[in-house]
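Heavy atoms only: backbone and side chains are in, while hydrogens, waters and symmetry mates are out.
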Amino acid sequence: MNKKTIYLGLFDHLCCLGVARCLRNVYRRSSAEWSTMAIQSRATVEDVARLAGVSAKTVSRVFAQRELVAAETVERVLAAAKRLRFRPNTLARGLRRGGGTNVVGFIMGELSNPFYYKVASGIEKELAAHGYSLVVATTDDTAEGEERVADTLLAQRIGALLLIPVGDDQSYLEGERQLGTPVITIDRPARNLAADAVVLDNRSIVREATSRLLARGHTRIAYACNPASVYTQDERLGGYREAMHAAGIANTEPWEVRRDDLDLPAAELIHELMARREPPTAIIAGNNRMTVGVLRALAGTARADRTALVGFDDFDTADVLGVTVISYQPEELGRRAAQLALARMADPGGFIRQETLPTWIVERGSGERPPADLETA
């Protein structure tokens, strides 16, 4: 008896148990074909039921409503499923019920920004604790990308959609929301769409940061941001203007550096700002990328240690560099958004909610510098 005959006999025995079905024909090929990779058919619910000695309906119930099945039966079904490498088709199960799946989609901007993946981490941890999985898609911070990836995710019949809006119109999601898919926005409220949101306290904290600089004697305080045409920057710029106006500085436009070109290096904007005949003595950076741009532009110059700097968003090494920042917990943004999504999936009714999470100033030295003229007086 040769090895081939032994292998065929073994697989005949396994096929009787419902294991490795369809492999028999593979091993009946000529010896010259034995070196190619064989692809095994996926096991079905019926295969698991046959091996576990239960009905197919019982197997389905184990994966859908395990608490309704006896513990000994659950153990036997799971052991059979593991032996057959069986995975339940959660997408198909959700579609048969006419609803979504236990997968939640999250649309965010570019992967290189730490803010986004920290938010995603908070979402994933909260969803995992409730038996849901997360799939992430990126927009490259473009409105076109946002709608495109939203359509792709919704076509998968996800249970809920979470997104950080980029475009100025999310009305394209209203029809899906009316069909029962919860839509939760993060960091920025949706526009032209009734949706729950989790945002930060942007306005009052920037007003406070600007007021602190004013109290230290600064009057030439610049506000720099890129992108500018988003809700968060509208709010932050509003807080900056309120503090400046309260101090008697009515015209802040000369000190506002706002762009909507992500390909433009932040340091280049700051170089232009500092080249003025009367440059600012303090800068408030609207996000972490702009803060890094300020540091790069001032590095090695006489103004590096004489220009006050407050940046929105904490970042790695900010503490080492002594950068004063406006901080918050991005993971908490994600966690709270996930909680809203879970609540909406459980009960789609109720009023629209918008939660505002706190922000605070972390003083590390750069934001506490006095104006250069007072420093030398």
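Formation of a donor-acceptor pair under 3.5 Å by the Thr307 side chain with backbone atoms of Ala304 is not found in this model. His245 places a side-chain N or O within donor-acceptor distance of the main-chain N or O of Ala250, the cut-off being under 3.5 Å. In this structure a side-chain-to-backbone donor-acceptor pair under 3.5 Å is missing from Thr139 to Gly145.
Linking ILVMFWY residues whenever their side-chain heavy atoms come closer than 4.5 Å, directly or via other members, leaves Val230 and Leu264 in distinct clusters. When hydrophobic clusters are built by joining Ile, Leu, Val, Met, Phe, Trp and Tyr residues whose side-chain heavy atoms come closer than 4.5 Å, directly or via intermediates, Val325 is not grouped with Leu333.
For the 3.5 Å distance criterion, the side chains of Tyr328 and Asp313 qualify, holding a donor opposite an acceptor. With no hydrogens or angles considered, no side-chain donor-acceptor pair links Glu331 and Ser121 at under 3.5 Å. Looking only at atom types and distance, the side chain of Ser229 has a donor-acceptor partner in the side chain of Asp260 under 3.5 Å away. For the 3.5 Å distance criterion, the side chains of Gln170 and Thr185 fail to qualify, holding no donor opposite an acceptor. A donor-acceptor contact under 3.5 angstrom links the side chains of Glu146 and Tyr172, judged on distance only. Side chain to side chain, Asn192 and Asp169 meet the donor-acceptor criterion of an N or O pair below 3.5 Å. Donor-acceptor pairing under 3.5 Å is recorded for the side chains of Ser55 and Thr58.
Looking at heavy atoms from C-beta onward, Ile326 lies in side-chain contact with Val310 at the 4.5 angstrom threshold. The shortest distance between side-chain heavy atoms of Pro114 and Asn288 falls below 4.5 Å. Put simply, the side chain of Val45 reaches to within 4.5 Å of the side chain of Phe86, judged on heavy atoms.
Among Phe115, Tyr116, Tyr117, the single residue meeting the side-chain contact (heavy atoms from CB on, under 4.5 Å) criterion with Val119 is Phe115.
When all heavy atoms of Leu273 and Ala222 are compared, the closest pair comes out as CD2-CB, 3.7 Å.
Residue Gln178 qualifies as enclosed at atom CD: its count of foreign heavy atoms under 6.0 Å is above 12.
When ring centroids are compared, Phe312 and Tyr240 stay outside the 6.0 Å threshold.
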